[in-house]
Amino acid sequence: MNARAAHRGRGPGRPAGDPPAGPSGGWAGASWSIGDRLGLAFAWLMGLLLCAICAAILVYLVVQGVRYLHPDLIWTNPKVGATQNETGGFLAPLLGTVIATLIAMLLATPIGVGVAVWLSEYARPRWLARVVESTVEMFAGAPSIVLALFGVILFQAPFLGFLSESSGGVVYGKSFFAAGAMLSLLALPLVVTSVREGLQAIPDHVREASYAVGKTKIATIRRVLLPAVRPDIVTGSMIGAGHAIGDTAIIVFLWGTRTCCRASGTCRCWERCAAPAARSRASSTTTPPPAISTSPTRRLRPR
Amino acid sequence: MTAEDPLLLLQREEGLSQDQRAELWLGALVSGVIILLLAMVVFIVAQAWPSFSHNGLHWFGSGGNIDNQIESIFNSTNYLHKPVYTFHAWPLIWSTILTTLGAAILGFIASLFTAIFMVEFAPVPLQRVLEPVVRLLASVPSVILGLIGVLVVVPFIDSHLVTQAESASVTPVIPLSGGSLLAAVVILTVEVSPIMIAIFADGLRAVPRNWLEGSLALGVNRWRTFWKIAVLSARPALISGTVLATARALGESVMLSMVSGTVGFAPNPADGLLFFLEPSRGLAATILHNTDQLSSSPMKHTLFAMAAVLLFSSLMLSLAGWAARQPMKRYFNVGGATA
């Protein structure tokens with residue numbers, strides 16, 4: 001145990017961020033060549049640039065968004081209107097985002113935990129474990145637009161017609177569940193990775209102690225391991241939910257305009273189903289969504 | 001262990017113990033996930049096949065105006081005509097390659113130095129700021145970045161970098177309105193860098209302190225120590241971070257369709273500096289652009305063909321990352337896990 005921990009660099013005595021003192025530890029030691037100095041300067045530059053970009057994004061969003069943000073916006077639905085005062089708020093897109101994300105997480109969390117438990121605790125036969133690992137890796141790398149198109153085929157299949165709207169044998173394949181299910185595929189690898197890392201960090205003697213008091217393997221998992229990795233489950237789900245909230249392509253394909261229209265009564269509202277985007281675009285209900293507009297720049301610019 | 005043991009009898013009657021049943025259920029679950037991936041690949045390739053089979057390898061070539069081709073494919077859904085499949089996707093593929101590679105290379109350099117700074121050289125207060133900053137940037141949805149691109153970066157390029165003369169010189173072919181390769185690469189870099197930084201930093205942190213101290217004790221300065229030892233031994237993490245970030249850049253659609261100037265045009269490096277200001281549209285952005293044309297059967301097959309190319313590229317990317325990590329198995333692989 002200790003040897004492994006030390007080998008992995010996680011042993012005790014790893015002072016976080018504590019600069020090692022030494023003859024060459026300073027800034028202007030004789031051994032610093034010009035290349036070393038340039039490298040260090042570039043590292044400083046990049047670090048500060050990152051902070052600057054983050055601050056700029058935050059300040060811009062807050063400054064531009066707060067001007068338009070009223071409490072009413074959250075309670076009213078989008079409307080078509082000639083001026084900004086008449087266009088209503090974003091209740092429907094906001095609720096839609098919450099519902100789709102909830103569905104996604106309700107699907108992704110149990111499946112993700114199950115896969116992670118199997119990978120970490122069972123993983124038999126070995127070849128199957130490898131295949132599962134690379135499958136999860138490929139889901140993590142698959143572009144969300146491909147997942148969206150897959151969802152289109154899947155949910156337009158006649159035998160899944162009960163999950164979405166259909167008329168006369170034509171299945172539209174657009175529903176909260178369809179969008180949520182595909183969003184859950186997006187979140188799945190994040191949940192699996194997080195829970196698996198948590199499980200692997202639990203030392204074996206914990207499992208052995210549990211077996212020693214007579215618990216079976218599945219009881220150990222349910223009563224000992226899963227409670228111990230609860231923080232990892234929460235972290236994984238939250239990261240996954242973050243991705244699901246921010247994804248737009250899947251929403252465009254699998255939610256479309258229909259369900260939204262029914263919920264809100266008017267107008268296309270998928271473009272603001274990504275709730276955070278609504279923050280700074282609260283006033284642009286009448287403008288077409290940027291994804292399909294040819295010249296969005298001028299019309300989106302706040303007046 | 002007699003046959004009269006009630007527990008054993010019970011077990012024999014039920015057939016499987018609770019444990020075995022749990023393992024079977026979980027095994028079924030993971031098999032389901034594998035089948036889902038296989039189904040995805042099979043369905044998408046099956047839908048894409050008509051487009052590929054009509055065009056052959058010319059699908060990947062150039063020739064003709066891509067936007068006109070898309071339009072005629074879409075309009076050929078009428079039953080009086082034969083469906084049109086002629087499609088030469090090179091401008092879209094070239095745009096995807098340019099933006100993805102550009103963002104991956106820029107992002108790799110920036111992220112490597114930022115991660116080094118964050119892990120080793122930043123003063124402690126700054127370190128405490130940087131970590132939440134990376135997490136925050138990583139969680140910014142790409143739509144938001146696209147929005148900032150449309151509201152800030154694109155108008156800036158339009159008014160400061162594009163001159164009237166340059167704009168006039170290409171007017172018959174393409175509009176130079178700020179939506180450009182430059183804007184796309186810059187914003188894509190901001191989008192993928194936090195992913196790289198997080199994974200790079202994990203890898204760099206996991207380098208055993210003893211190795212660094214050994215080098216310092218020999219009188220090597222801190223920068224060179226870290227550069228030669230920590231960075232080299234964290235290579236598995238560098239690779240997996242880069243692969244993951246590149247996959248994200250490859251699949252990015254919404255943000256790119258907002259900032260890259262939605263014209264199916266292949267930017268030409270021979271145009272000098274103008275190259276960076278030319279608009280383009282990648283594969284993913286094109287799929288998104290034509291969402292409402294899925295009802296047209298030939299168009300649907302064409303869109304799925306683009307998706308198949310994207311999927312294939314991302315699978316190859318995962319595979320390449322895995323292959324590149326193999327010779328480095330002897331290094332500890334912390335942070336080498338994906339995602």
Side-chain angles (χ1 to χ4, degrees), chain A residues 8-9 14 17 20 22-25 29 31-32 36 39-40 42-44 46-47 50-51 53-54 57 60 114-115 117-118 122 131-132 135 137-146 149-150 153 189-190 193 216-218 242 246 248-249 252-253 274 276-277 280 290-292 296-297 300-301, chain B residues 18-19 22-23 26 29-30 33-34 37 40 43-44 110 113-114 116-117 121-122 124 127 130 133 136-137 139 141 143-144 147-148 150 154-155 190 206-209 216 219 221-224 247 250-251 253-254 257-258 284 287-288 291 304 307 310-311 314-315 317-318 332 334 337-339:
Chain A
R8 307 200 99 194
R14 156 95 172 81
S24 57
S31 64
W32 284 76
D36 299 347
L40 186 58
F42 191 63
W44 269 89
M46 284 296 135
L50 187 80
C51 294
I53 289 174
C54 184
I57 291 176
Y60 183 80
V115 172
V117 164
W118 187 86
Y122 294 96
V131 173
V132 172
T135 303
E137 199 167 319
M138 279 164 189
F139 270 124
S144 70
I145 196 135
V146 175
L149 280 176
F150 174 53
I153 317 180
L190 298 161
T193 314
T216 59
K217 190 160 187 173
I218 187 67
T248 326
V252 172
F253 277 93
S280 52
I292 61 169
T297 321
L300 273 176
R301 197 173 279 155
Chain B
Q18 205 188 2
D19 243 10
E23 184 171 357
L26 286 171
L29 182 72
V30 297
V33 174
I34 297 172
L37 181 81
M40 179 163 91
F43 277 145
I44 285 181
F113 279 87
T114 312
I116 292 174
F117 179 68
F121 294 97
V124 177
Q127 218 166 16
L130 267 167
V133 159
L136 186 83
L137 274 180
S139 67
V143 198
I144 300 282
L147 188 72
I148 288 171
V150 164
V154 170
V190 173
V207 175
R209 205 67 195 164
L216 287 171
N221 69 40
R222 271 177 72 199
W223 175 263
R224 192 161 292 186
L250 190 72
S253 50
V254 179
S257 74
M258 288 163 93
I287 300 176
L288 193 75
T291 314
F304 273 95
L310 276 178
L311 186 62
S314 75
L315 296 189
L317 200 65
S318 305
F332 42 88
V334 176
T338 48

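A, B, ... follow the sequence lines: proteins, then strands. Residue 1 opens every chain.
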Exercise for review: Can you tell which part of B:Ser139 gets under 4.5 Å to a heavy atom of chain A, answering side chain, backbone, both or neither?
Suggested key: neither
Check your understanding: Where on B:Val33 is there a heavy atom nearer than 4.5 Å to chain A: the side chain, the backbone, both, or neither?
Key -> both
Supply the atom-to-atom distance [X] [atom1] to [Y] [atom2], rounded to the nearest 0.5 angstrom.
X: B:Leu317; Y: A:Glu137; atom1: CG; atom2: CD; answer: 10.0 Å
X: A:Phe150; Y: B:Ile44; atom1: CZ; atom2: CD1; answer: 7.0 Å
X: B:Asp19; Y: A:Thr216; atom1: CG; atom2: OG1; answer: 4.5 Å
X: B:Leu250; Y: A:Ile145; atom1: CG; atom2: CD1; answer: 11.5 Å
X: B:Leu137; Y: A:Ile57; atom1: CG; atom2: CD1; answer: 5.5 Å

Non-hydrogen atoms of [X] and [Y] that approach each other most closely:
X: A:Cys54; Y: B:Val133; result: CB-CG1, 3.7 Å
X: B:Ser314; Y: A:Ala142; result: OG-CA, 4.0 Å
X: B:Leu130; Y: A:Cys51; result: CD2-SG, 3.8 Å
X: B:Gly251; Y: A:Pro143; result: CA-CB, 3.4 Å
X: A:Gly114; Y: B:Leu26; result: O-CD2, 3.6 Å

Revision key, fill the gap. The ring pair (Phe, Tyr, Trp, His ring centres under 6.0 Å) partners of B:Phe43 (sequence neighbours excluded) come to none
**Study point:** N/O donor-acceptor pair under 3.5 Å between A:Asp36 side chain and B:Arg224 backbone
**Key:** no
Check your understanding: If we only count heavy atoms from C-beta on, is the A:Tyr60 to B:Ile148 side-chain gap below 4.5 Å?
Key -> yes
**Study point:** Under the side chain to side chain donor-acceptor pair (under 3.5 Å) test, residues paired with A:Ser144 that sit two or more places apart
**Key:** A:Asp247
Check your understanding: A:Trp44 and ring pair (Phe, Tyr, Trp, His ring centres under 6.0 Å): which partner among B:Phe117, B:Phe121, B:Trp223?
Key -> B:Phe117
Exercise for review: Identify which one of A:Val132, A:Val131, A:Val117 satisfies the side-chain contact (heavy atoms from CB on, under 4.5 Å) criterion when paired with B:Val30.
Suggested key: A:Val132
Exercise for review: Sort out for me which of B:Leu310, B:Leu311, B:Ile287, B:Leu136 touches chain A most, counting heavy-atom pairs under 4.5 Å.
Suggested key: B:Ile287
**Study point:** Selection from A:Val115, A:Leu50, A:Leu149 maximising heavy-atom pairs under 4.5 Å formed with chain B
**Key:** A:Leu149
